[in-house]
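Taking it in order: structure first as structure tokens, then the write-up.
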Amino acid sequence: MIGLLIITVNLVGALGAPVLAPFPEAEIVGDAWAEPSPAFWMGLDNLGRDIFSRLLFGARMSIGLSLMITALSFTIGIITGFAAAIAKGWVDTLLSRLVDLMLAMPTLIFAFVVLSALGTDLAVMVVTLAILDGVKVFRVARALAMNISALEYVEVARLRGEGLWWIITREVLPNAMLPLIAEFGLRFTFAFLFVAALSFLGLGVQPPAADWGSMVRDYRDVIALDVPAPLFPAAAIALMTIGVNFVVDWLAQINTRGLGDAK
Amino acid sequence: MIRLVALRLLFGVLTLWAASAMIFGGTELLPGDLATAVLQNSATPENLAEMRSKLGLDRPPLVRYGEWLGRAAHGDLGVSLSNDRDVVEEISPRLWNTFLLALFAALIAVPLSICMGVLAAIYQGGIFDRAVNVITLLTISVPEYLIGYILVKYLSVQYDLFPSLANVSADTGFGDRLWLTFLPMVTLVLVVVAHMMRMTRASVLSIMASPYIEMAILKGVSKPRIVVLHALPNALAPIISVVALNLAYLITGVVVVEAVFVYPGLGQLMVDAVSKHDLPVVQGCGLIFAGAFILLNMIADVLAIMSNPRLRRPR
């Protein structure tokens, strides 16, 4: 429940940023590095912009990008994973070997190689991360579909002469929903932390746009001057991840024990 | 067993080869080509053509891949595009720094997490177990840089115990090096310990449910003795693989931690090279990171095979 609360607060902050933020994202409202005060809850940043307002606007970028990546990776992963499990034969072998290879390599390094060639463009980042993440979704989706497609009702559908698409969307997908939603949360935190890490390294979201990762990067030098500025966006990232993890745990409990036992 | 191990080694070599192909192929995605990227605005048709033949871009990609792989196997990774220095010379001191930092962290993290995991399993449900559980759940969700900056804020700014920048150089003595890299090391340890400890606890506990443990309990063996002598050896395989996985994670986690503490390691070099489109350096660093990652995973699997009597003598 705490998890859902954290997620809701974050989403409201992100969606309502223009209304909720006390100041516009890029407006200079005071001296650089002003201390936190009743007017500026988290102080001002290097140019004198309100950190709290920027945090609200940054949430849109951070959460929006991660949602896009996760949605795309699920589309890729579920379609290929289910197809592999249901079609079996050489399609399955080929896709599974390919995925094994991809999983045997470090994700971050891979993202680096692609970004170095194609440049730090948001679309490039989204597609790259979605593919790298989709590989992991494939694994889960394939295992789920393997179990489900061995059941009688799928066999019946196949005997009825239904096509691959029908079996995927009408027979397998509805029965794989709950574990897939939990997986969605898990992959979301992964994408979320990944985007933030890339931005923190200066390879993700480029200025003037800002997400939480790049805010940590912008403010990092002042930590040595005892200004807490970089801790706010970093803590926001942590809080969001913890919230989603709580919900994932809760879903996993429902999945294993049924709705009645999980509180 | 030898067959299993040999198969695993073969798969490792294949993976490494595929990684090299993907690293090379990834940099081939470059719109236009390397020559236009190097010359940028000063590109005229003549010097473009000259640059292309200098870089060997006038030949087909497969041939260039073969040559690149061959030279890389001989320890020649080419020349950096941004400062014309030899990539291997550029990489080696930084590789050493990164290796030392990761080793330092691993030496502390691995014994610590296994001890904590075993203790938590012995006193399952107790205060220690629950406290460790909550703390590790937090450190798993928290990004490396938050841990890093919190450490800097309290241990280095507020109380001035440790330096906030790990600016080591080649002639820094061993003691100074430990001192300078203390905070980055602690950050890395905090990040990986949580996972390793939880997995150790989980695998010990799953073994605790088996019949021979029940037998030992009925015999009247004490709980610590059961855990350490009966359960731990049988939980070894999953623990080894989770340790290796986390060490592999250390390799990539090190990139972010290096950025936090401005540590002159391989990760920083690679990040700089990525933003400068310095492809030979990116390829070189990528190969080393991927190689280390694949090697660790391979060692883990081989050790897991060897620690399992059933896999050691397959029927």
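Every chain is numbered from 1, with letters handed out A, B, ... down the list of sequences.
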Q) Heavy-atom distance under 4.5 Å to chain A: side chain of B:Ile150, backbone, both or neither? A)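 For B:Ile150, the contact with chain A is made by backbone and side chain together.
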Close side-chain approach of [X] and [Y], heavy atoms under 4.5 Å:
| X | Y | result |
| --- | --- | --- |
| A:Ile237 | B:Tyr145 | yes |
| B:Met270 | A:Ile109 | yes |
| B:Val142 | A:Thr241 | no |

Q. Among A:Asp100, A:Leu193, A:Leu203, which has the most heavy-atom pairs under 4.5 Å with chain B?
A. A:Leu203
Q) By a 4.5 Å heavy-atom criterion (distance strictly below it), what part of A:Phe112 contacts chain B: side chain, backbone, both, or neither? A) both
Q.
Need one label for A:Met240: side chain, backbone, both or neither, based on atoms under 4.5 Å from any heavy atom in chain B.
A. neither
Q: Walk me through it: do A:Leu108 and B:Phe289 pass the test side chain to side chain contact (heavy atoms under 4.5 Å, CB included)?
A: CA-CA 10 Å; A:Leu108 186 66; B:Phe289 275 126; over 6 Å; no
(Q) So for atom CZ, which belongs to A:Phe184, do other residues, nucleotides or ligands contribute more than 12 heavy atoms lying within a distance under 6.0 Å? (A)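 It does: A:Phe184 CZ has more than 12 such atoms within range.
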Q. How many angstroms lie between CG in B:Leu146 and CH2 in A:Trp212, if you round to the nearest 0.5 Å?
A. 12.5 Å
Q | Over all atoms of both residues, closest heavy-atom pair of A:Ala234 and B:Pro143 | A |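 Shortest heavy-atom separation between A:Ala234 and B:Pro143 comes out as O-CG, 4.2 Å.
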